[in-house]
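As structure tokens, the structure follows; a few thoughts come after it.
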Amino acid sequence: MLDMKYLRQNPAEAAQRLADRGVDAGQVTALLNADEARRAAIQEVETLKAQRNEVTDKIAFAKRNKEDASEAIAEMQAVGARIKELDAKQAELDAQVADIAAHLPNMAHESVPVGADEEANVEQRQWEPADYQGRPAAHTQAPAWLKPHFEIGENLGILDFERGAKVSGSRFLYYVGDGARLERAVYNFMLDQHAEEGYVEMITPIVVNNEAMYGTGQYPKFEDDAYRVEGLDQTYIPTAEVPLTNYYREEIIDADKLPISVTAISPSFRKEAGSAGKDTRGLIRLHQFNKVEMVKFAKPEQSYAELEKMTANAENILQKLGLPYHVIALSTGDMGFSAAKTYDLEVWLPAENKYREISSVSNTESFQARRARIQYRDDNGKLQFVHTLNGSGLAVGRTVAAILENYQNEDGSVTIPEVLRPYFGKAKIEA
RNA sequence: GGAGCUAUGGCAGAGUGGUAAUGCAGCGGACUCGAAAUCCGCCGAGCCGUCUUAGCGGCGGUGCGCGGGUUCAAAUCCCGCUGGCUCCUCCA
């Protein structure tokens, strides 16, 4: 949710900043017009209400003195009826303003590259492990024996997509044996890392109510991609960002506790509406996948430093796993709905010979906090909206895919990265 | 699934139709070497609108879990819903 006062006072600037996010200027005009009509209606009805309050006081006074007040009462009956009409009209205008506003995305931070799509994204840095441990190096011509992760997984009997499709549908799978163990090793490693970095681990509900989905910005605009529970005011989460961020919904957080960092592993459910035909094989695009999520609540003056820290926390996982990656700053046109600034981490998948997104780290500033009403008291005791941040740390399935591809050997076996061995129990997966 | 109770500020808590008490906490002061205790004072309700501003503030509206209704007037009466607690039933 954007700050209505800012929009009113800086309509041209706001329209430009939203145009950078792909919003048609007509929407801003429509919002401001609706807002003006709403305020006019408020003034009209409030004048009448003030009059009613005044007369009502007189009636109360007259009754106490046993005087006759029937004339004033009759007059107020008519005023009351008129107030009821105007209240209804105002409620309609309120809903109109709220509806338009709820569909407007956040505005980008000034440091975000302006552009229409991913072409305008800007690479920040690349990282590769110094020691390849005999693995195929990133950016080099892949040897002929190199296989995509889903073939490796099927050959080793650790990923079963066919039975996933049989039992659930396309884009579902079973992890079997060492595959299941590897998935579990990866997210346990991630959670332990984040715990060391000061994140408080949580196990959250994975079904949330619609108010929560609205709070983080998934609703009302992106309902089509969500798994709703039939007949109930509930949805299977598309990311643990939703329950983690909504933890403090409608609360005032003690300022001394900020910044607060939390993390959780959870399954994430996405219908992937509009992705038909894309990434149909493997672990890249599923209807259900595990993800370790990081969320922070910060004061406005802290939030961009925390964004850099959170990005470093996600990078740390990839570095410890020895997976090549790069960091890109998303352009205004490529960022998600709620974000003011986003860094994507993309991991190197040698079989595809390209980088694929494995983490997205965003500062939403006060956009989500305004929707979810998460506040703190500043030094003057005034209520302020916190800034909320979220980032994957990391998508677990995609990490498993990256490990299988980057650590595969010519004989079809896969070496387990050193840091995972305490969790996995052995050094290699073999047929 | 059934029954009863319940929801008021950061917290506790009064208020059964006519201006939402009070206490704790918080802030300032006195006392003290300092602190605690005590005493005095202040502040303390979110949201919307508007004026003045640009440090604040004034005025109006609304606001007592949420949504409706009755009434000149609702925290208070009526209806519906949600959350919490207790009991019954069931259950990993």
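Evaluation of atom-type donor-acceptor distances gives a pair under 3.5 Å for the side chain of A/E46 against the base of B/rG60.
In this structure, B/rA12 forms a base pair with B/rU22, meeting either the Watson-Crick or the G-U wobble geometry with both donor-acceptor distances under 3.5 Å. Taking a pair to require two hydrogen-bonding distances under 3.5 Å in either a Watson-Crick or a G-U wobble arrangement, B/rG67 pairs with B/rC79. With a cut-off of 3.5 Å on both Watson-Crick or G-U wobble distances, the partner of B/rC59 is given as B/rG49. In this structure B/rC27 sits in a base pair with B/rG41, meeting the Watson-Crick or G-U test at under 3.5 Å. The nucleotide B/rU86 finds its pairing partner in B/rA3, both defining distances of the Watson-Crick or G-U wobble pair being shorter than 3.5 Å. Pairing for B/rG34 is absent, judged as Watson-Crick or G-U wobble with the two contacts each under 3.5 Å.
Distances shown here put every side-chain N or O of A/R38 at or beyond 4.0 Å from the OP1 or OP2 atom of B/rC48. Using a 4.0 Å cut-off, no side-chain N or O of A/R370 falls inside it from OP1 or OP2 of B/rC47. Between B/rC27 and A/R377, no contact under 4.0 Å exists linking OP1 or OP2 to a side-chain N or O. For A/N53 and B/rC72, the shortest distance from a side-chain N or O to OP1 or OP2 is not below 4.0 Å.
To the nearest whole angstrom, the two P atoms, one in B/rC24 and one in B/rU16, are 24 Å apart. Look at the P atom in both B/rC31 and B/rA35: the space between them is 12 Å, to the nearest Å. Look at the C1' atom in both B/rC5 and B/rG57: the space between them is 45 Å, to the nearest Å. Look at the C1' atom in both B/rG46 and B/rA75: the space between them is 16 Å, to the nearest Å. Taking the P atom of each, B/rG28 and B/rU50 are spaced 36 Å apart, rounded to whole Å. Spacing of P atoms, B/rC47 relative to B/rA54, comes out at 23 Å, to the nearest Å. Rounded to whole Å, the separation between the C1' atoms of B/rG63 and B/rU76 comes to 15 Å. B/rC90 and B/rG17 are spaced 44 Å apart, taking the C1' atom of each and rounding to whole Å.
Scanning all heavy atoms of the two residues, the minimum distance from A/A120 to A/S331 falls at CB-CB, 3.6 Å.
Summarising the local packing, CD of A/E301 is surrounded by more than 12 heavy atoms from other residues, nucleotides or ligands at distances under 6.0 Å. Around OH of A/Y247, the count of heavy atoms belonging to other residues, nucleotides or ligands within 6.0 Å does not exceed 12. When the shell of 6.0 Å around CZ of A/F222 is examined, it contains more than 12 heavy atoms from other residues, nucleotides or ligands.
Distance, A/Q77 CD to B/rU70 P: 12 Å, rounded to whole Å. Rounded to an integer number of Å, the gap from CG of A/D233 to C1' of B/rC66 is 13 Å. Atom-to-atom, NZ of A/K49 to C1' of B/rU71 comes out at 15 Å; the value is rounded to the nearest Å. In this entry the distance linking CG of A/D87 with P of B/rG69 reads 10 Å, nearest Å. If you take CG of A/D378 and C1' of B/rG26, they are 15 Å apart, rounded to a whole angstrom. The distance between atom CG of A/L383 and atom P of B/rC48, rounded to the nearest whole Å, is 11 Å. One can place CZ of A/R373 at 11 Å from P of B/rC48, the figure rounded to the nearest angstrom. Following rounding to the nearest Å, A/I83 (CD1) and B/rU71 (P) show an atom-to-atom distance of 14 Å.
Both A/Q90 and A/T47 sit near RNA chain B, but only A/Q90 has its closest nucleotide nearer the 5' end. Both A/A50 and A/M4 lie near RNA chain B, and the one whose nearest nucleotide falls closer to the 5' end is A/M4.
Within the nucleic acid shown, A/I42 comes within 4.0 Å of sugar-phosphate atoms alone, with no base atom in reach, counting heavy atoms only. No contact: A/A72 has no heavy atom under 4.0 Å from any strand. Among the heavy atoms of the strands, none lies under 4.0 Å from A/D254. Contact annotation for A/R8: backbone-only contact, meaning every heavy-atom pair under 4.0 Å involves sugar-phosphate atoms and none involves a base. A/K84 comes within contact range of the sugar-phosphate backbone alone, with a heavy-atom separation under 4.0 Å but no base atom that close.
No side-chain donor from either of A/E162 and A/Y174 sits under 3.5 Å from a side-chain acceptor of the other.
Remark: A/R184 is not positioned above the aromatic ring of A/Y423, lacking an NZ or CZ atom under 6.0 angstrom from the ring centre and at most 45 degrees off the axis.
A/N121 pairs with exactly one of A/D334, A/D344, A/T342 by the side-chain contact (heavy atoms from CB on, under 4.5 Å) rule, that one being A/D334.
Nearest nucleotide to the side chain of A/Q43, out of B/rC47, B/rC48, B/rU50: B/rU50.
Using bins of under 30°, 30° to 60° and over 60° for the plane-to-plane angle, the ring pair A/F172/A/H287 lands in the tilted bin.
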